[in-house]
Visitor: 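Below: one structure in structure tokens.
The figures here come from the full heavy-atom set of this structure, side chains too, leaving out hydrogens, waters and symmetry mates. Residue numbers run from 1 in the order of the sequence given.
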Amino acid sequence: SLSLSPFLSFFSLSISLPSSFLFCFSHRLDRVLFSFFFFFFFKCQPSLLFQVIRTNETSQETFDALFAFGKAVGKHAVACKDTPGFIVNRLLVPYMMEAVRMLERGDASARDIDAAMKLGAGYPMGPFELSDYVGLDTTKFIIDGWAKKFPDNPLFQPSKMLNELVEQGKLGVKSGEGFYSYKK
């Protein structure tokens with residue numbers, strides 16, 4: 001049997017809470033580790049990815065144990081330093097936000113941007129479909145947190161359009177409307 005208990009004092013699946021916040025729950029910083037285990041990603045397709053996040057305080061023993069755990073449960077383990085969103089969301093959230101900025105500027109429609117990314121880049125969902133699926137409130141929460149922590153990073157700047165949609169209760173699939181309507 002595989003057990004992580006001798007190695008970990010705290011394990012988080014969070015992608016947006018800062019490590020400094022989570023450290024307050026442990027007195028053994030060498031045993032604090034972050035991972036993001038994609039149970040379902042892109043229209044409920046099980047993911048094989050297991051991101052293992054190493055902080056400056058994480059011991060090699062703890063890191064190795066979680067990396068081995070990811071492999072043991074059949075996932076592809078990847079390593080990343082403690083950066084906002086780890087690997088996937090660090091790239092994905094700014095991508096979704098740039099799509100919103102393109103729409104705000106009138107560069108293209110949401111449908112055309114989605115079609116271009118599905119047909120041209122081979123993505124299973126376009127950025128607006130993905131934003132609606134994730135939840136516009138969730139995307140806003142993440143980008144607002146990153147903008148507060150890194151105010152000079154242009155990739156993390158909030159969007160007026162996204163803020164307005166959330167204020168109107170248009171949160172995506174879960175509310176029946178976001179960038180698209182899901183009302184039947």
Visitor: Which distance, rounded to the nearest 0.5 Å, do you find between the CG of Leu92 and the OG1 of Thr139?
Guide: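 If I round to the nearest 0.5 Å, the distance is 8.5 Å.
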
Visitor: Say you draw a straight line from CG of Leu155 to CH2 of Trp146; how long is it, rounded to the nearest 0.5 Å?
Guide: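 The CH2 atom of Trp146 is 9.5 Å from CG of Leu155, to the nearest 0.5 Å.
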
Visitor: Within the structure provided, determine whether Gln51 and Lys75 are in side-chain contact (heavy-atom separation under 4.5 Å).
Guide: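 No - every pair of side-chain heavy atoms lies 4.5 Å or more apart.
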
Visitor: Taking salt bridge (charged side-chain N to carboxylate O under 4.0 Å, His left out) as the definition, give me every residue that meets it alongside Lys118, ordered by chain and number, with sequence neighbours left out.
Guide: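 Counting only residues at least two positions away or on another chain, Lys118 forms a salt bridge (charged side-chain N to carboxylate O under 4.0 Å, His left out) with Glu129.
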
Visitor: Test: side-chain hydrogen bond (donor to acceptor under 3.5 Å, both in side chains). Region: residues 150-159. Which pairs qualify, not counting sequence neighbours?
Guide: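 Of all non-adjacent pairs touching residues 150-159, those that pass side-chain hydrogen bond (donor to acceptor under 3.5 Å, both in side chains) are Glu104-Ser159.
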
Visitor: Step by step, would you call Met97 with Leu162 a side chain to side chain contact (heavy atoms under 4.5 Å, CB included)?
Guide: CA-CA 9 Å; Met97 293 303 296; Leu162 180 63; 3.8 Å; yes

Visitor: Any idea which heavy atoms bring Asn163 and Pro158 closest together, and the distance?
Guide: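 That would be ND2-CB, 4.2 Å.
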
Visitor: Going from OH on Tyr95 to CG on Leu130, what distance comes out if it is rounded to the nearest 0.5 angstrom?
Guide: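 The distance works out to 7.0 Å.
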
Visitor: What distance separates Thr83 OG1 from Ile53 CD1, expressed to the nearest 0.5 Å?
Guide: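 With rounding to 0.5 Å, OG1 (Thr83) is 9.0 Å from CD1 (Ile53).
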
Visitor: Under the rule for side chain to side chain contact (heavy atoms under 4.5 Å, CB included), what residues qualify as partners of Ala116, not counting sequence neighbours?
Guide: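 Expected list: none.
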
Visitor: Are the side chains of Val78 and Val52 in touch, meaning some heavy atoms are under 4.5 Å apart?
Guide: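 SC-SC contact between Val78 and Val52 ruled out.
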
Visitor: Contact between Asn56 and Asp82 at the side-chain level, heavy atoms closer than 4.5 Å - yes or no?
Guide: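 Asn56 vs Asp82: side chains apart.
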
Visitor: Would you check if Arg105 and Asp107 make a side-chain contact, meaning some heavy-atom pair closer than 4.5 Å?
Guide: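 Result yes, sub-4.5 Å side-chain heavy-atom pair found.
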
Visitor: Check whether Asp132 reaches the backbone of Tyr180 with its side chain - one donor and one acceptor, N or O, closer than 3.5 Å.
Guide: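 Flag set: sc Asp132 to bb Tyr180 pair under 3.5 Å.
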
Visitor: List the atom of Leu136, the atom of Gly172, and the distance in Å for their closest heavy-atom pair.
Guide: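 Where Leu136 meets Gly172 most closely, the heavy atoms are CG-N, 4.2 Å.
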
Visitor: Hey, could you give me each pair passing salt bridge (charged side-chain N to carboxylate O under 4.0 Å, His left out) that has a residue in residues 172-183? Not counting sequence neighbours.
Guide: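 Qualifying pairs, neighbours excluded: Asp137-Lys174, Lys170-Glu177, Glu177-Lys183.
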
Visitor: Any idea which heavy atoms bring Ala99 and Ile113 closest together, and the distance?
Guide: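 In terms of heavy atoms, the two residues are closest at O-CD1, 3.9 Å.
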
Visitor: Could you tell me which residues satisfy salt bridge (charged side-chain N to carboxylate O under 4.0 Å, His left out) with Lys148, sequence neighbours excluded, listed by chain and number?
Guide: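 Salt bridge (charged side-chain N to carboxylate O under 4.0 Å, His left out) check on Lys148 returns nothing, list empty.
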
Visitor: Go through the structure and list residues passing salt bridge (charged side-chain N to carboxylate O under 4.0 Å, His left out) with Arg101, not counting sequence neighbours.
Guide: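 With neighbours one apart ignored, the set is Glu98.
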
Visitor: If I take atom CG from residue Asp112 and atom CG from residue Leu103, how far apart are they, to the nearest 0.5 angstrom?
Guide: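 Answer for the CG-CG pair, Asp112 versus Leu103, is 10.5 Å.
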
Visitor: Check the angle between the aromatic planes of Phe128 and Phe179 and answer parallel, tilted or perpendicular using the 30° and 60° thresholds.
Guide: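 Perpendicular: the ring planes of Phe128 and Phe179 meet at over 60°.
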
Visitor: Measuring from atom CE of Met125 to atom CE of Met96, what distance do you get when rounded to the nearest 0.5 angstrom?
Guide: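 It comes to 10.0 Å.
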
Visitor: Using side-chain heavy atoms (C-beta onward) and a distance below 4.5 Å, is Leu66 in contact with Phe50?
Guide: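 Sidechains of Phe50 and Leu66: in contact.
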
